[in-house]
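Beneath this line is the structure, given in structure tokens, with notes to follow.
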Amino acid sequence: MAKKFKVLILILITFLLSSNLLFSAIESLKTPVELSDFQRTSTYRELMEYIYKLKEMSNDMKILIIGNSYEGHPIPLVVLAKPVFQFPSLAKKTGKTTILINANIHGGEVEGKEASLILMREILLGELNYLLEKEVILIIPIFNIDGNDKIDPSHRPYQNGPSQGVGIRHNGQNLDLNRDFIKIESPEVKSLINVLNKWDPDVFIDLHTTNGSYHQEPLTYSGATNPNGDLKVLEYTRDKLLPTVAKKLKEKHGYLSIPYGNFADRTAPEKGWIGFEPVPRMGVNYVGLRNRISILNENYAYAPYKVRIFACKGFLQSILEYCYEHCSEIRRLIDDADKRTIEQFLVKPLKEFGIKFKKGILNNLLIRSYEFEIYKDELGRKRIRKLDKKKNYIVPFYGKIEIKEKISLPFGYLILKNLKDIVGKLIEHGITVERLTQRYTLRVEEYKIIELNSLEKAYQGHHLNTVKIEKNLKEISFPEGTYFVDMAQPLAYLIAYLLEPQSDDGLFTWNFFDKWIIPQWRRTYNIYPVYRLIERKNIPGRIVINN
């Protein structure tokens, strides 16, 4: 009897030990936010420990360091793939859809970071592993490391959790990283654009948190809005992909969503819902100019923290499932966009380039919101106060950016050989630049600056420029060493944005040309040192410079 009792005790001990081991294994796979019962957000160190733990448990994952933050922290890029590629070019050759998810570009906006960790676990070790049959998934789970780790409960006080606080919006340079995609002055954005150049993802998803107009939907979304990119890619994203994803998010995950925006007039919601500006200083519009599917996710700050995380996770999963189901269609869409872009500049530039824009009505939109009361603050300004009573509004959605003023595009640009800093910036963007190996006389358009205005108040460390120009036709002899940028390349629309002085968000706007056009003594301006090639010319003997 005593012997049987000892056997039973041993069995019980073994069971308890195995149960404890199983429990420990499950607990070790929980993310930092899950372990806190959604009361806090993860630090950089905790996140790095977690992703390396996942890597130990799966052969479908690789962690790359793409650069350092301004304060010196290594920025991780997680590659989920079968097989895990040593070289980005090999991923493209498989025909799979490459998707880049960027989280935490604003350090206080943390839901995307936490959602991406949970999603990563389910792809590697759960039921979503099948996605890797047709997809290469790249995730930057923490982009603004400097801002993320400055956690304090006083930050974003209007937000509904986490109770232990979040980080700050800017990086260690005091720069808004989501305003840096044209000027590339932060090491973080420079590293991200290098990822775009090397991996050339078909789909880019940027994860944010919004505290705009009051509504009931916990998630909002948008595609790129700038119409200077390939319109077929823009319309496919806006009119097909995102509505399908929103429907899947509601039906499969139970979360409502609406296109990103705000009431045009918060004191009169019925006037309409208005989307965001088209400037490519923002990452989503920037990637759209590169002819790629680009998606903005804005999680709603007033929804509960846990709801925001899982709505974001469901949104990401729905996009990945859509891309899995439409892999070949997306591949054709992207390839055709690049082909169209190149071919038009081999014959005659057909596309005109917008320099001023207006917002047009896309459709009518249901916004599940609330009733409001209007009051005046201590300065006599009209303000609104949300009431507890829910109310639906069907309003015009100003979600279509239309070109208000436009210019033609050239076959290419010639840049004077002393402008090495300008050329260096083009190369950072992944643009192919060439140099003349001998003198050529070419018929070009030259810009004479008539009026230059700079904002008095600095913005992101710059006094943004606007300009009035006069265009003249000239025959100019360009010496050996002159830089030439041929528009017959996939990034043609980005080139125009960077080099046209009338562009609303180019290098001229951000003061990169100031020292070349503003003389020390004279009141008149120097000729703009970039010339437009208006005839397709075979210019032999060129040396190609790229990154």
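For K471, the NZ atom sits in a packed shell: over 12 heavy atoms of surrounding residues, nucleotides or ligands are nearer than 6.0 Å. Counting non-hydrogen atoms of other residues, nucleotides and ligands closer than 6.0 Å to CD1 of I394 gives a total of 12 or fewer. Enclosure of atom NZ in K537 is not indicated, since only 12 or fewer non-hydrogen atoms of other residues, nucleotides or ligands lie within 6.0 angstrom. Heavy atoms of other residues, nucleotides or ligands lying less than 6.0 angstrom from NZ of K250 number 12 at most. A 6.0 Å sphere centred on NZ of K404 holds no more than 12 heavy atoms belonging to other residues, nucleotides or ligands.
Between the OG1 atom of T237 and the CG atom of L333 there is a distance of 7.0 Å, given to the nearest 0.5 Å. Atoms CD1 and CG, on I75 and L192 in that order, are 8.5 Å from each other to the nearest 0.5 Å. Rounding to the nearest 0.5 angstrom, the gap separating the SG atom in C323 from the CG atom in L241 is 6.0 Å. A distance of 9.5 Å separates OH in Y300 from CG in N211, rounded to the nearest 0.5 Å.
Side chains of I295 and V245 form no contact here, defined as non-hydrogen atoms less than 4.5 Å apart. Using a 4.5 Å heavy-atom cutoff, the side chains of R435 and Y483 are in contact. Annotation: side chain of I137 is not in contact with side chain of L119 (no heavy-atom distance under 4.5 Å). For the pair W516 and D421, the minimum side-chain heavy-atom distance is below 4.5 Å. For the pair Y459/R281, a side-chain contact is recorded, criterion being any heavy-atom separation below 4.5 Å from C-beta on. The side-chain heavy atoms of K406 and F353, taken from C-beta on, include no pair separated by under 4.5 Å. The closest side-chain heavy-atom distance from F143 to V189 is below 4.5 Å. Between N197 and R290, the closest side-chain pair of non-hydrogen atoms falls below 4.5 Å.
Side chains of T509 and N465: a donor-acceptor N/O pair is absent below 3.5 angstrom, by distance only. Checked by atom type, the side-chain pair E500/Y447 shows a donor-acceptor distance below 3.5 Å.
When the salt bridge (charged side-chain N to carboxylate O under 4.0 Å, His left out) test is applied to E343, no partner is found at least two apart in sequence or on another chain.
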Run N226 and D505 through side-chain contact (heavy atoms from CB on, under 4.5 Å) and show every step you take. CA-CA 11 Å; N226 194 295; D505 207 22; over 6 Å; no
Evaluate side-chain contact (heavy atoms from CB on, under 4.5 Å) for I476 paired with L414, printing each intermediate quantity in order. CA-CA 11 Å; I476 295 178; L414 290 126; over 6 Å; no
Between Q317 and H253, is the side-chain contact (heavy atoms from CB on, under 4.5 Å) condition met? List the steps. CA-CA 10 Å; Q317 181 178 330; H253 301 276; 3.6 Å; yes
Test side-chain contact (heavy atoms from CB on, under 4.5 Å) on N299 and H208; report intermediate values, then the result. CA-CA 6 Å; N299 304 295; H208 294 254; over 6 Å; no
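Using a distance-only test at 3.5 Å, with no hydrogens or angles considered, a donor-acceptor pair links the side chain of Q173 to the main chain of E185. Side-chain atoms of K425 come within 3.5 Å of backbone N or O of K183 as a donor-acceptor pair. Within the 3.5 Å criterion, the main-chain N or O of L296 finds no donor-acceptor partner in the side chain of S222. A donor-acceptor pair under 3.5 Å is formed between the side chain of H462 and the backbone N or O of W510. At least one donor-acceptor pair closer than 3.5 Å links the side chain of N285 to the backbone N or O of E277. Panel note: side chain E270, backbone Y393; no donor-acceptor pair is recorded below 3.5 Å. The main-chain N or O of T466 is never found under 3.5 Å from a side-chain atom of N453 such that the two would form a donor-acceptor pair. Under the 3.5 Å distance criterion, the side-chain polar atoms of E434 are left unmatched by any main-chain donor or acceptor of D486. In terms of modelled atom types and a separation under 3.5 Å, the side chain of S213 and the main chain of F263 share a donor-acceptor contact. Of the possible donor and acceptor atoms, one in the side chain of N144 sits under 3.5 Å from a partner among the backbone N and O of H170.
Classified by interplanar angle (parallel below 30°, tilted 30° to 60°, perpendicular above 60°), the ring pair Y322/H326 is parallel. Ring geometry, F372 versus Y214: the interplanar angle falls from 30° to 60°, so the pair is classed tilted. The aromatic rings of F513 and Y528 lie tilted to each other, with the angle between the two planes from 30° to 60°.
Between D335 and R331 a salt bridge is recorded (basic side-chain N to carboxylate O distance below 4.0 Å). A salt bridge does not link E111 to K313: none of the charged side-chain nitrogens sits closer than 4.0 Å to a carboxylate oxygen. One finds a salt bridge joining E109 and R156 here, because a Lys/Arg side-chain nitrogen approaches an Asp/Glu carboxylate oxygen to under 4.0 Å. Contact check on D230 versus R340 returns a salt bridge, with a Lys/Arg side-chain nitrogen under 4.0 Å from an Asp/Glu carboxylate oxygen. Salt bridge present: K92 and D202 bring a charged side-chain N and a carboxylate O closer than 4.0 Å. Using a 4.0 Å cut-off between a side-chain N of Lys or Arg and a carboxylate O of Asp or Glu, D338 and R292 qualify as a salt bridge.
Counting only residues at least two apart or on different chains, the ring-ring contact (aromatic ring centres under 6.0 Å, His included) pairs with a member in residues 181-204 are F181-Y286. Applying the ring-ring contact (aromatic ring centres under 6.0 Å, His included) test to every pair with at least one member in residues 328-349, sequence neighbours left out, gives no pairs at all.
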